[in-house]
Asks: 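After the structure tokens below, expect a handful of questions from me.
In this text the structure is predicted, and so the values were computed from the model without any measurement. Both backbone and side-chain heavy atoms feed into the values below; hydrogens, waters and symmetry mates do not.
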Amino acid sequence: MIVLALESSTSSAKALLFDTDAGVLAAKSQAYPRNVCADGVTDTKAVSAMMILLGAELARGKESSAIALCETWHNIALCDRSVADPDKTYSWNFMAPSAQCAAIRRDEARTQELYQRTGCVPHVTYPRQSLLYLKSQGVDLQKKQMISQGAYTFYLLTGRYLETASAMSGSGLLNIHELRYDPYVLKELGISPGQLGDLGSYEDACPLSAAGAELLGIGEGIPVVPAYPDGALNQIASCAAQVGRMTLSIGTSAAIRMTADGPRLPPQHPLWCYYGVTGWMSGAATAGAGNCINWFLQTCQQGRWDFQDFEEMESQSRDLPVFLPFLFGERCPGWHDDRKGGFVNVMPHHTVGELYRGVQAGILFNLYQCYETMCAASGTPEKILVSGGILNSPRWTQMLADIFGREIACVPTANASTMGAVILAMRAAGVLDNVCAFRSDYERASRVTPRQDAGVDYGMLYRAYLHFYQTVL
């Protein structure tokens with residue numbers, strides 16, 4: 001049986017065709033051009049068109065049995081007349097609300113009220129803050145409909161206006177305890193639940209419409225699963241949906257997530273809390289990861305060396321400069337969207353290879369800060385499952401194990417979030433009774449063991465990182 005998954009990630013559209021007997025049949029991705037995506041704002045219609053075109057190229061002529069959709073966790077678009085005609089989509093890296101968010105965070109009572117209700121701190125990450133900013137700029141939200149990128153694609157394929165509670169739990173608009181739109185937040189924005197999509201789940205798949213079938217070049221009527229966010233699908237694909245398992249993914253940005261048995265909202269709000277595919281998730285996200293690597297290669301080195309060149313360079317782990325990975329602001333644990341990043345403690349003897357390793361270490365130190373906080377709030381995870389672009393670098397992956405002082409399991413799925421969508425499509429097609437039952441990639445996960453001597457060296461560097469984190473703002 002063949003199923004199709006479509007994904008709109010932060011920087012590219014993706015499609016994957018999967019055979020339940022043969023595995024992945026084909027996959028395609030296409031980076032968004034700058035006229036489609038820039039500075040956290042995307043062309044909603046163009047992104048969906050790119051996803052559907054990639055899907056059509058893979059699925060045309062095949063007998064697909066189901067389709068599922070994946071999107072980034074934090075995005076929203078406004079529609080003037082109907083959801084059929086959305087304007088731009090504002091994503092987690094839309095920085096314009098930064099000053100407004102900082103002002104709200106100075107009001108501790110309001111910050112706590114928002115966090116305790118929604119699991120989302122006032123921060124540019126969240127669509128709630130994008131909407132509040134647009135309102136402050138004169139946009140009359142009462143005259144708008146709101147839709148996520150994934151829900152718009154679902155509408156194109158089915159004619160149904162439906163959001164998942166999972167996707168909306170990362171918007172700052174949903175009450176994390178009751179899993180419904182929060183009246184306190186909607187009143188603050190001046191909008192009503194009727195301006196947002198009905199809330200559903202993977203159990204609410206809708207048939208592919210005639211219009212959707214024409215776009216994809218396949219037969220109508222097969223089930224289409226509404227859009228789930230990338231982080232939630234990663235948790236399913238990594239076999240980490242049970243309580244006590246942690247996923248860690250490093251791509252453009254990075255995140256750690258642990259399945260929980262209910263909302264986890266620790267004091268000082270260092271973590272977020274969302275709803276996944278089957279239950280709550282406690283976690284943390286960082287704004288700087290692969291994008292910092294790309295910055296170093298393209299801006300600092302101007303393309304003179306590439307990723308593979310640096311992979312082969314030798315450097316000393318005990319004498320690296322400190323890199324603060326906040327070129328794109330800070331998400332967790334401090335939520336300072338205006339925090340600046342860069343190198344400190346650079347010495348004349350540092351080589352270009354050591355600068356590069358410093359960037360890699362700084363990214364992981366920020367994640368380790370979040371890991372320490374999560375362990376204090378939810379307990380030490382039983383297993384840590386790692387996915388994303390970091391696995392393309394054995395040295396960086398080893399550095400991760402050394403810094404965390406834990407054995408890590410490297411989940412070999414090339415696109416774990418897209419594979420999570422495949423699992424939901426298999427459920428809709430009747431192949432799986434339980435979305436947590438798909439385990440093939442987890443069984444093939446390789447293990448990386450921490451090295452004690454390197455861990456001691458990185459521990460010293462981490463203490464230096466914390467010093468500069470606390471003193472350089």
Asks: In chain order, what residues pass the salt bridge (charged side-chain N to carboxylate O under 4.0 Å, His left out) check against Lys14, with sequence neighbours excluded?
Replies: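 With sequence neighbours excluded, Lys14 shows a salt bridge (charged side-chain N to carboxylate O under 4.0 Å, His left out) to no residue whatsoever.
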Asks: In terms of side-chain heavy atoms, does Arg331 have a donor or acceptor partner in Thr125 at a distance below 3.5 Å?
Replies: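 Distance-only check passes for Arg331 and Thr125.
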Asks: Using ring centroids (six-membered ring only for Trp), state whether Phe323 and Tyr465 fall under 6.0 Å.
Replies: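 Ring-ring flag for Tyr465/Phe323: false, centres at least 6.0 Å apart.
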Asks: When you measure from the side chain of Arg395 to the backbone N and O of Met313, does any donor-acceptor pair fall under 3.5 Å?
Replies: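 Checking the backbone N and O of Met313 against the side chain of Arg395, a donor-acceptor pair under 3.5 Å is found.
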Asks: Between Lys28 and Glu57, is there a side-chain N and carboxylate O pair less than 4.0 Å apart?
Replies: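 Yes, Lys28 and Glu57 are salt-bridged.
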Asks: Ignoring hydrogens and geometry, is there a side-chain-to-backbone donor-acceptor pair from Ser166 to Tyr275 under 3.5 Å?
Replies: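 At least one qualifying donor-acceptor pair exists.
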Asks: Can Ser171 and Arg128 be counted as having a side-chain donor-acceptor contact under 3.5 angstrom?
Replies: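 No, no side-chain donor-acceptor contact under 3.5 Å.
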Asks: Among Thr153, Val225, Leu424, find the one that has a side-chain contact (heavy atoms from CB on, under 4.5 Å) with Leu69.
Replies: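 Answer to the side-chain contact (heavy atoms from CB on, under 4.5 Å) test with Leu69 among Thr153, Val225, Leu424: Thr153.
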Asks: Has Thr164 got a side-chain atom pairing as donor or acceptor with Ala227's backbone, closer than 3.5 angstrom?
Replies: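 Checked: pair present.
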Asks: With no hydrogens and no angle check, do the side chains of Ser148 and Glu71 hold a donor and an acceptor under 3.5 Å apart?
Replies: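 Distance-only check passes for Ser148 and Glu71.
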Asks: Name the one of Val386, Ile408, Asn392, Ile250 that satisfies side-chain contact (heavy atoms from CB on, under 4.5 Å) with Thr397?
Replies: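 Among Val386, Ile408, Asn392, Ile250, the one meeting side-chain contact (heavy atoms from CB on, under 4.5 Å) with Thr397 is Ile408.
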Asks: Less than 3.5 Å apart, any donor N or O on the side chain of Gln30 or Ser12 sitting next to an acceptor on the other?
Replies: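 Absent: no donor and acceptor within the cut-off.
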Asks: Among all residues two or more places apart in sequence or in another chain, which pass the side chain to side chain donor-acceptor pair (under 3.5 Å) test with Lys88?
Replies: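 Expected list: none.
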Asks: Taking the six-membered ring for Trp and the full ring for Phe, Tyr or His, determine whether the centres of Phe365 and Tyr368 are under 6.0 Å apart.
Replies: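 Here the rings of Tyr368 and Phe365 have centres that are no less than 6.0 Å from each other.
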Asks: Compare every heavy atom of His269 with every heavy atom of Gln112, then report the nearest pair and how far apart it is.
Replies: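 Shortest heavy-atom separation between Gln112 and His269 comes out as NE2-CD2, 3.3 Å.
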Asks: Which of these passes ring-ring contact (aromatic ring centres under 6.0 Å, His included) with Tyr356: Trp295, Phe310, Trp305?
Replies: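 The passing option is Phe310.
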Asks: So, does Thr44 use its side chain to make a donor-acceptor pair with the main chain of Thr89 at under 3.5 Å?
Replies: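 Between the backbone of Thr89 and the side chain of Thr44 there is a qualifying donor-acceptor contact (under 3.5 Å).
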Asks: Determine, for Glu188 against Arg110, whether the closest basic-nitrogen to carboxylate-oxygen distance falls under 4.0 angstrom.
Replies: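 Here Glu188 pairs with Arg110 in a salt bridge, since their nearest N and O are under 4.0 Å apart.
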Asks: Can you confirm whether the side chains of Arg257 and Thr247 place a donor and an acceptor under 3.5 Å from each other?
Replies: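 Checked: Arg257/Thr247 side chains pair up, N/O donor to acceptor below 3.5 Å.
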Asks: Of all heavy-atom pairs between Leu271 and Tyr115, which one has the smallest distance, and what is that distance?
Replies: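 Taking Leu271 first and Tyr115 second, the nearest heavy atoms are O-OH, 2.9 Å.
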Asks: Under a 4.0 Å N-O cut-off, is there an ion pair linking Asp87 with Lys144?
Replies: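 No salt bridge links Asp87 with Lys144.
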Asks: Crowded around Gln452 CD? As in, over 12 foreign heavy atoms under 6.0 Å?
Replies: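 At most 12 heavy atoms, drawn from other residues, nucleotides or ligands, come within 6.0 Å of this atom.
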Asks: Examine distances only and state if a side-chain atom of Asp19 and a backbone atom of Ile2 form a donor-acceptor pair shorter than 3.5 Å.
Replies: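 Not a single qualifying donor-acceptor pair exists.
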Asks: Does the ring centre of His74 sit less than 6.0 Å away from the ring centre of Tyr90?
Replies: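 Between Tyr90 and His74, the centre distance exceeds or equals 6.0 Å.
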Asks: In chain order, what residues pass the side chain to side chain donor-acceptor pair (under 3.5 Å) check against Thr10, with sequence neighbours excluded?
Replies: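 Residues passing side chain to side chain donor-acceptor pair (under 3.5 Å) with Thr10: Trp92.
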Asks: Do you know which two heavy atoms are closest between Asn234 and Ser249, and how far apart they sit?
Replies: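 Asn234 and Ser249 have their closest heavy atoms at ND2-CB, 3.7 Å.
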Asks: Between Val224 and Phe154, what is the shortest heavy-atom contact and its length?
Replies: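 Of all heavy-atom pairs spanning Val224 and Phe154, the closest is O-CE1, 3.2 Å.
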Asks: Of the non-hydrogen atoms in Arg357 and Met399, which two are nearest, and what is the gap between them?
Replies: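 Arg357 and Met399 have their closest heavy atoms at O-CE, 4.0 Å.
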Asks: Looking at Arg264 and Trp272, would you say the former's side chain and the latter's main chain have a donor-acceptor pair under 3.5 Å?
Replies: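 Here the side-chain-to-backbone pair does not exist.
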Asks: Tell me whether Asn291 contacts the main-chain N or O of Ala289 through its side chain, where contact means a donor paired with an acceptor under 3.5 Å.
Replies: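 Such a contact is found between Asn291 side chain and Ala289 backbone.
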Asks: Is there a donor-acceptor contact under 3.5 Å from the side chain of Thr418 to the main chain of Ala15?
Replies: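 It does not hold such a pair.
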Asks: Within the side chain of Lys45, is there an N or O that forms a donor-acceptor pair under 3.5 Å with the backbone of Asp43?
Replies: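 Side chain of Lys45 to backbone of Asp43, a donor-acceptor pair under 3.5 Å: no, none is there.
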Asks: Answer yes or no: is there a donor N or O on one side and an acceptor on the other, between the side chain of Tyr274 and the main chain of Met281, under 3.5 Å?
Replies: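 Not a single qualifying donor-acceptor pair exists.
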Asks: Of all the heavy-atom pairs spanning Ala284 and Met374, show the shortest one and how long it is.
Replies: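 Nearest heavy atoms, Ala284 then Met374: N-CE, 3.9 Å.
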Asks: Is any NZ, NE, NH1 or NH2 atom of the basic residue among Arg34 and Asp39 found under 4.0 Å from an Asp or Glu carboxylate oxygen of the other?
Replies: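 Yes, charged N to carboxylate O under 4.0 Å.
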Asks: Is Asp337 salt-bridged to Arg105, going by a charged N under 4.0 Å from an acidic O?
Replies: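 Yes, charged N to carboxylate O under 4.0 Å.
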